[in-house]
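Both ligands and their constituent atoms are indexed starting at 1 by order of listing. Computed from a predicted model, the values in this text were never measured in an experiment.
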Amino acid sequence: MEIDEKPERFIVDGLRLDGRKKDEIRPIKMEAGVMNRADGSCYIEWGNNKIIAAVYGPREVHPRHLQETYRAILRYRYNMASFAVDERRRPGPDRRSIEISKVSREAIEPVLMLEQYPRSSIDVFVEVLQADAGTRAAGITAASVALADAGIPMRNLVSAISVGKVDGEVVLDLNKIEDNFGDADMPVAMIVESGEVTLLQMDGIFTKNEFIEAMELAKRGCSQIYDIQRDCLISKYKKLDSD
Ligand code: CDP
């Protein structure tokens, strides 16, 4: 479905343009341990998004002056391939990917026990091969699984999703048309078990009640994402067991 202008309506007879209900997430497939040379990795297909997360480390820090005496540093690079979007993107970092890298690192850092690896670095690379809205949330979700796959000690997983507003209604997991032409977009990352929010951004405007409804929806969405992350890790270890 390729629409490059604002549709007249986003919700028709209770269903969104891609056939989903307001609180329904797009289909998700996740696989851990897909890259031989990385210490941990995860490939995620989330709707039309296709993203790889790879983790290297704990390893020596280069350049050395970035080293911290009592903890590991976490580096996170979000990159979108030039062929990931309709209009070819100029390769290399831009303002958007620098911002996404920063907020994604901050979303993940609270669950990592970085103090266990002084003077080292843990490097996360998120490569978006095909983008269709919600790539930062999908990246964080995959990075979290890749870190667990790398055996990095973590207090928990971080799960992420975006919520937004179209036709005046709060909806879960925006697709590209909803993201580009809707009224609001709010990516959220959280530790589902504790409800601790580690990323909250907003583009557009919610009323107070809409915000409360959106957070509630995001929480339910993250909880579904968490179950998929867990199943993905469990199935990797089951596969290892049977090999
Ligand atoms: O991907 P996410 O929703 O986290 O970030 P965004 O900046 O809100 O971008 C929304 C979507 O716009 C992306 O997922 C891409 O599908 C699209 N986009 C694009 O087509 N060209 C770009 N240079 C950047 C984003």
Side-chain angles (χ1 to χ4, degrees), residues 1-7 10 16-18 20 22 24-30 42-53 76-109 124-146 158-166 170-190 197-206 211 214-215 217-218 221-222 224-225 228-229:
M1 180 173 50
E2 231 13 280
I3 300 181
D4 49 18
E5 56 187 54
K6 184 170 177 167
F10 289 94
R16 292 149 74 177
L17 296 178
D18 57 12
R20 281 182 295 152
K22 287 190 290 177
E24 196 175 333
I25 60 177
R26 292 173 284 180
I28 297 181
K29 275 200 296 197
M30 238 186 265
C42 176
Y43 173 62
I44 186 167
E45 285 184 8
W46 181 330
N48 291 320
N49 291 308
K50 295 186 178 182
I51 299 172
I52 284 185
Y76 191 113
R77 193 189 75 171
Y78 166 102
N79 180 53
M80 200 158 81
S82 53
F83 51 80
V85 284
D86 297 330
E87 204 166 300
R88 183 184 181 276
R89 204 191 132 268
R90 202 161 164 244
D94 54 9
R95 281 173 64 96
R96 176 178 173 275
S97 57
I98 292 167
E99 174 221 317
I100 295 180
S101 299
K102 177 186 184 284
V103 297
S104 302
R105 175 174 53 74
E106 290 170 350
I108 297 261
E109 210 165 42
V124 179
F125 296 90
V126 168
E127 294 289 327
V128 179
L129 307 175
Q130 189 170 290
D132 194 66
T135 59
R136 79 194 65 198
I140 291 166
T141 297
S144 182
V145 168
V158 176
S159 314
I161 199 159
S162 84
V163 264
K165 183 165 68 168
V166 295
V170 176
V171 294
L172 184 61
D173 188 20
L174 302 182
N175 62 32
K176 184 155 171 274
I177 306 149
E178 294 169 335
D179 182 305
N180 288 178
F181 303 109
D183 304 322
D185 168 24
M186 183 170 84
V188 178
M190 64 170 72
V197 173
T198 62
L199 173 131
L200 181 67
Q201 296 183 284
M202 197 195 295
D203 189 5
I205 294 172
F206 279 130
F211 175 76
M215 279 310 285
L217 213 49
C222 281
Q224 290 178 55
I225 302 299
I228 302 171
Q229 290 172 299

**Asked** Heavy atom under 4.0 Å from ligand 1: found in Arg136's side chain, backbone, both, or neither?
**Response** both

**Request:** Identify, with sequence neighbours excluded, every residue that meets side chain to side chain donor-acceptor pair (under 3.5 Å) alongside Arg16.
**Result:** Glu178

**Request:** Only one of Asp183, Val171, Leu174 passes side-chain contact (heavy atoms from CB on, under 4.5 Å) with Lys165; say which it is.
**Result:** Asp183

**Message:** Measuring from non-hydrogen atoms of Asp86 to any atom of ligand 1, is the shortest distance under 4.0 Å?
**Reply:** no

**Fill in**
When distances are taken from atom 8 (O) of ligand 1, the protein heavy atom at minimum range is Asp179 OD2, 3.5 Å

**Prompt:** For ligand 1, which atoms sit closer than 4.0 Å to a heavy atom of Lys176?
**Reply:** 16 (O), 17 (C), 20 (O)

**Request:** State, with a plain yes or no, whether a side-chain heavy atom of Lys102 is found less than 4.5 Å away from one of Tyr76.
**Result:** no

**Fill in**
Looking only at non-hydrogen atoms, the one of Leu174, Asn180, Thr135, Ile100 nearest atom 12 (O) of ligand 1 is Asn180

**Asked** ligand 1 versus Arg96, non-hydrogen atoms closer than 4.0 Å: side chain, backbone, both, neither?
**Response** side chain

**Message:** According to ring-ring contact (aromatic ring centres under 6.0 Å, His included), who are the partners of Phe125, at least two apart in sequence or on a separate chain?
**Reply:** Tyr56

**Complete:** When distances are taken from atom 15 (C) of ligand 1, the protein heavy atom at minimum range is Ala131 CB, 3.7 Å

**Message:** Tell me whether ligand 1 is touched by Gly134 - counting only heavy atoms on the residue side and a distance under 4.0 Å.
**Reply:** yes

**Asked** Less than 4.5 Å apart, any side-chain heavy atom of Val126 and any of Ser104?
**Response** no

**Asked** What is the closest protein heavy atom to atom 14 (O) of ligand 1, and at what distance does it sit?
**Response** Ala133 N, 2.7 Å

**Asked** Out of Asn48, Asp18, Asn49, Asn180, which one pairs with Asn175 under the side-chain hydrogen bond (donor to acceptor under 3.5 Å, both in side chains) rule?
**Response** Asp18

**Message:** Under 4.0 Å, counting heavy atoms only: does Met80 come that close to any atom of ligand 1?
**Reply:** yes

**Request:** Grab the two heavy atoms, one from Ser82 and one from Arg89, that are nearest each other, plus how far apart they are.
**Result:** CB-O, 2.9 Å

**Request:** Considering heavy atoms of the protein only, find what lies nearest to atom 19 (C) of ligand 1 and give residue, atom and distance to 0.1 Å.
**Result:** Val85 CG1, 3.2 Å

**Prompt:** Hey, is ligand 1 close enough to Asn49 that some N/O pair sits below 3.5 Å?
**Reply:** no

**Message:** A side-chain contact here means heavy atoms from C-beta on lying under 4.5 Å apart; do Trp46 and Ile225 qualify?
**Reply:** yes

**Asked** Is any side-chain heavy atom of Leu200 closer than 4.5 Å to a side-chain heavy atom of Met186?
**Response** yes

**Prompt:** Can you check whether Ala137 has an N/O within less than 3.5 Å of an N/O in ligand 1?
**Reply:** no

